[in-house]
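I have placed the structure first, in the form of C-alpha cells, so that the comments after it can refer back to it.
In what follows, chains carry the letters A, B, and so on, assigned in the order in which the sequence lines appear, proteins first and then strands, with residues in each chain numbered from 1.
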Amino acid sequence: QVKTQIALANAQELLQKMTDKCFKKCITKPGTSLASSEQKCVEMCMDRYMEAWNVVSKAYNAKLQMERNRLT
Amino acid sequence: QVKTQIALANAQELLQKMTDKCFKKCITKPGTSLASSEQKCVEMCMDRYMEAWNVVSKAYNAKLQMERNRLT
Amino acid sequence: QVKTQIALANAQELLQKMTDKCFKKCITKPGTSLASSEQKCVEMCMDRYMEAWNVVSKAYNAKLQMERNRLT
Amino acid sequence: PELRHFIEIESQKAKYQAQVHSFTDQCWDKCIDKPGSKLDSKTETCLVNCVGRFIDVSLTIANKFQKRLEQGGH
Amino acid sequence: PELRHFIEIESQKAKYQAQVHSFTDQCWDKCIDKPGSKLDSKTETCLVNCVGRFIDVSLTIANKFQKRLEQGGH
Amino acid sequence: PELRHFIEIESQKAKYQAQVHSFTDQCWDKCIDKPGSKLDSKTETCLVNCVGRFIDVSLTIANKFQKRLEQGGH
C-alpha cells in the first residue's frame, strides 16, 4: 500500500508539472476555448515531457552508478 | 476551529502571494526608503490582486459547475 | 538535538538554494563535463551567495530591531 | 460520521482555495503587465479565459495519461 | 515549562532562518547579475535596501488588509 | 526489521523520484525551447549533460562547504 501511494504521488507530481509547463509553453494568449493548434501543442508537449522524464531518470541512474564506482 | 484555521491559512497565503507579486512589480531598484510612487503602486497592485483573486474564484466555480453538468 | 536538526535543516536549505542559483547563473549550455571557467564561476557564486546570506541576515535583524523600537 | 463529514467538507474547501491561489498566481503573470487603477474588462476576460484554458489543458493531459496507462505503454 | 520555552525559541529561530533564506533568494535575483570576485559595496547596499523595502511592502499590505477586514468589506 | 527495511527502500525511491522530478523541471527549461514532434538527439544530449553538470555543481558546492566547516570559518 505504501508502494501504491508512492506510485500515485509520483504520477500526480508528473501530471501537475506537465500541466504547468505545457500551459506555459502552449497557451500564450488564453482565448474562449482551446484552439486546435494549442491542443496539438499540449499533446506534443506532454509526450516530450514524459520522454524527458525518462531520459533524465536514466541519466541520473547512470551518474549515481558512476559516483558509486568512483568511491569503491 | 478547523474553519478558523483554514480561513487564517487562506488569508496568510493571500498576503504572502500579494507581497511577493507586488514587491516584484513595484520595486525595481530598492532605495533607502519606499518612494511615494512605489507606495502607490503597491496599494494599487494589492487591490488588483484581490480583484483578480475574486474573478478567478468565480470563474473556477463556474467551470467546475459546467464540467459537473456535462457529466450528468 | 532539536538544535542540531534545525542547524542541519538550515545548512541543507542553504546548499540547495546555492546549487540551484549557481547552476542557473554559471551553466548556460551544459557540456560533457564541467569546464574550468564554469567551475570557477560556481566557486565564486557560492562565496557571494554565502556573503549575501550574511548581509541579508544582518539587515533583517537590524530592521526587526528598528520596528521593535518604533513600537515601544 | 458528522465529524468525518465536516472534516471532508473543510478539506475540500482548503483544496479549492489552494487551487484558486495557484490559478491567481499563474494567471496574474499571464494577464497583468502593470497593475492599473482598475481591473479593465480586457484583463478580466483574460483571467476568466486563463482559468478555463488551464483546466482544459489539465483535463486534456489527465485523459491522455489515463489512456496511456490503460494501453499499458508508457 | 522550560521545554516549552526551549521549543518556542527554537521554532522562532527556524522561522527567522526560513525568512532569511527567502529574502536571500529574492534579493539575490534583484541585486546580483554576475557573481564577481567580491561583493562590491553597491551590491551590498542593494541587498540591505532590498530586505528593508520588502519588509515595508509586507507591512503596507498587511496594514491595509487589516483595515479592510475591520471595515467589513472585501 | 523487514518492515523497517521495506520502509527505508520505499523512502529512498520517493527521494529518487522527487530528484528526477526536480531535474526534469530544471533541465526542461534549460534544454527545450519549443516542444517538437520528437525529442531530437541534440535535446537528449542536453538533458543528459544537464543532469550530469547539475550533480557536478552540487558536489562541488557540498565539498567546498564541508571544507569551510572543517576550517571552522564561515
Side-chain angles (χ1 to χ4, degrees), chain A residues 1-70, chain D residues 4-5 7-74:
Chain A
Q1 228 190 357
V2 180
K3 267 192 180 172
T4 328
Q5 280 184 347
I6 290 178
L8 201 69
N10 196 32
Q12 276 177 343
E13 178 79 12
L14 183 62
L15 282 170
Q16 204 205 301
K17 293 258 188 196
M18 280 194 295
T19 306
D20 286 358
K21 294 287 186 192
C22 297
F23 180 75
K24 241 176 218 156
K25 283 248 189 264
C26 298
I27 318 292
T28 38
K29 280 194 172 184
T32 49
S33 70
L34 217 58
S36 71
S37 61
E38 289 172 330
Q39 176 92 25
K40 216 172 162 178
C41 177
V42 167
E43 295 187 10
M44 281 214 300
C45 175
M46 179 190 173
D47 287 339
R48 293 304 82 69
Y49 199 87
M50 297 208 301
E51 279 170 27
W53 202 94
N54 284 327
V55 168
V56 162
S57 178
K58 268 182 216 162
Y60 181 33
N61 243 325
K63 183 82 179 168
L64 281 181
Q65 202 58 50
M66 239 178 68
E67 293 295 329
R68 244 180 242 132
N69 290 344
R70 195 188 290 180
Chain D
R4 213 178 134 177
H5 184 64
I7 289 173
E8 257 168 40
I9 286 180
E10 291 304 313
S11 140
Q12 276 187 338
K13 265 195 225 166
K15 269 186 206 168
Y16 172 83
Q17 284 173 346
Q19 197 58 262
V20 174
H21 283 302
S22 163
F23 286 153
T24 309
D25 185 335
Q26 298 190 62
C27 295
W28 174 266
D29 291 343
K30 271 242 187 294
C31 299
I32 281 128
D33 186 30
K34 288 200 173 187
S37 57
K38 65 187 219 52
L39 207 69
D40 58 44
S41 69
K42 209 181 127 200
T43 307
E44 196 171 326
T45 307
C46 180
L47 288 169
V48 172
N49 287 341
C50 175
V51 172
R53 296 311 68 70
F54 193 93
I55 296 173
D56 288 346
V57 168
S58 176
L59 291 176
T60 301
I61 287 179
N63 286 335
K64 221 188 152 190
F65 190 74
Q66 182 71 30
K67 266 183 210 151
R68 288 284 175 79
L69 288 185
E70 284 164 6
Q71 286 169 4
H74 178 37

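Applying the salt bridge (charged side-chain N to carboxylate O under 4.0 Å, His left out) definition to pairs two or more places apart or across chains, none involves residues 23-34 of chain A.
Looking at A:Met18, both its backbone and its side chain come within 4.5 Å of chain D, counting heavy atoms on both sides. Of the atoms belonging to A:Gln39, it is side-chain heavy atoms, and not backbone ones, that fall under 4.5 Å from chain D.
No other option in A:Val42, A:Ile27, A:Thr32 has as many heavy-atom pairs under 4.5 Å with chain D as A:Thr32.
Interface residues of residues 21-56 of chain D toward chain A, defined by a heavy-atom distance below 4.5 Å and sorted by number: D:Gln26, D:Lys30, D:Cys46, D:Asn49, D:Cys50, D:Arg53, D:Phe54, D:Asp56.
Screening D:Thr60, D:Val57, D:Leu59 for a side-chain contact (heavy atoms from CB on, under 4.5 Å) with A:Thr19, the sole residue that qualifies is D:Val57.
In plain terms, the two heavy atoms of A:Asp47 and D:Lys64 that are nearest each other are OD2-NZ, 3.3 Å. Nearest approach of A:Cys22 to D:Ile61, heavy atoms of both residues: CB-CD1, 4.2 Å.
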